[in-house]
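Heads up: numbering here begins at 1 and tracks the sequence. Not measured: the values here are computed from a predicted model.
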Amino acid sequence: MGLCSGHYAQSRKSRELRDLIAQATGLSDRERVEWYRDHRSTVSTSGCWEVTSTGPNGYRQVNTSNGKMRLLHVLSFEAFCGPTLGFPVHHRCAKPACFNPDHLQLVTQRENVAEMLERNAYIKRIEELEERVHHLEGLLSRFQGTEAIT
């Protein structure tokens, strides 16, 4: 068919032929992160570089220049900021798809878990309040026009 193996695989899956992900092309890890920023992400109004395709947990794994798989946000931090020294890379913006190095920081595992638990508790509280508002809106619509709420 005159296609390389990557494009042939895309055509077999009936996909539109697109640029292949930068792998085995001699790109440094920093150039690879920049390639993802320029070709496989959107930039939000808050400055997040959000990769357009992620795994089920919201993170993206990519091949590094040495052929190993790494999380894109970790690779981004290392390429722009330096080694992680075994510390977790935390998203200040709380968006797993974001790999903007300005939104990433090193934290201890304890700090990372504490922030996640706090955020989950906050999200749960918001859901509870939204349920109460929905319930009160239902009550209001039943009483609206029929009797005054005191």
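Listed by chain and residue number, nothing satisfies the ring-ring contact (aromatic ring centres under 6.0 Å, His included) test with H90 (two or more places apart in sequence, or in another chain). Not counting sequence neighbours, the partners of Q109 by the side chain to side chain contact (heavy atoms under 4.5 Å, CB included) test are P88, V113. E137 is linked by a side chain to side chain contact (heavy atoms under 4.5 Å, CB included) to V133, H134, counting only residues two or more places apart in sequence or in another chain.
Rounding to the nearest 0.5 Å gives a distance of 11.0 Å between CG of L71 and OG1 of T84. Of the inter-residue distances, the one linking S41 atom OG with W35 atom CH2 reads 10.0 Å to the nearest 0.5 angstrom. Atoms CG and CG, on N63 and L27 in that order, are 11.5 Å from each other to the nearest 0.5 Å. Distance CD/Q105 to CG/N112: 9.0 Å, rounded to 0.5 Å. Distance check: L72 CG to R32 CZ gives 11.0 Å after rounding to the nearest 0.5 Å. Rounding to the nearest 0.5 Å gives a distance of 12.5 Å between CG of L129 and NZ of K124.
Between the side chains of S65 and D29, at least one donor N or O sits under 3.5 Å from an acceptor N or O.
R37 is not listed as a side-chain neighbour of S76, based on a closest heavy-atom distance of 4.5 Å or more. A heavy-atom distance below 4.5 Å is found between the side chains of L106 and F77. R40 has its side chain out of reach of S53: every pair of non-hydrogen atoms, C-beta onward, lies at least 4.5 Å apart. Within the 4.5 Å cutoff, no side-chain heavy atoms of E31 are placed close to those of Y36.
Linking ILVMFWY side-chain heavy atoms closer than 4.5 Å, directly or via other members, places V51 and V43 in a single hydrophobic cluster. F87 is connected to V89 through a chain of hydrophobic side-chain contacts under 4.5 Å among Ile, Leu, Val, Met, Phe, Trp and Tyr, so both are in one cluster. With hydrophobic clusters built from ILVMFWY side chains whose heavy atoms lie under 4.5 angstrom apart, L85 shares a cluster with V74.
In the displayed structure, F80 atom CZ is contacted under 6.0 Å by more than 12 heavy atoms of other residues, nucleotides or ligands.
Using a 4.0 Å cut-off between charged side-chain N and carboxylate O, R132 and E128 make no salt bridge. Using a cut-off of 4.0 Å between Lys/Arg side-chain N and Asp/Glu carboxylate O, E78 and R70 are scored as salt-bridged.
In terms of heavy-atom proximity, H103 sits nearest to S46 at CE1-O, 3.3 Å.
H91 and H73 have tilted rings, their planes meeting at an angle from 30° to 60° on a 0 to 90° scale.
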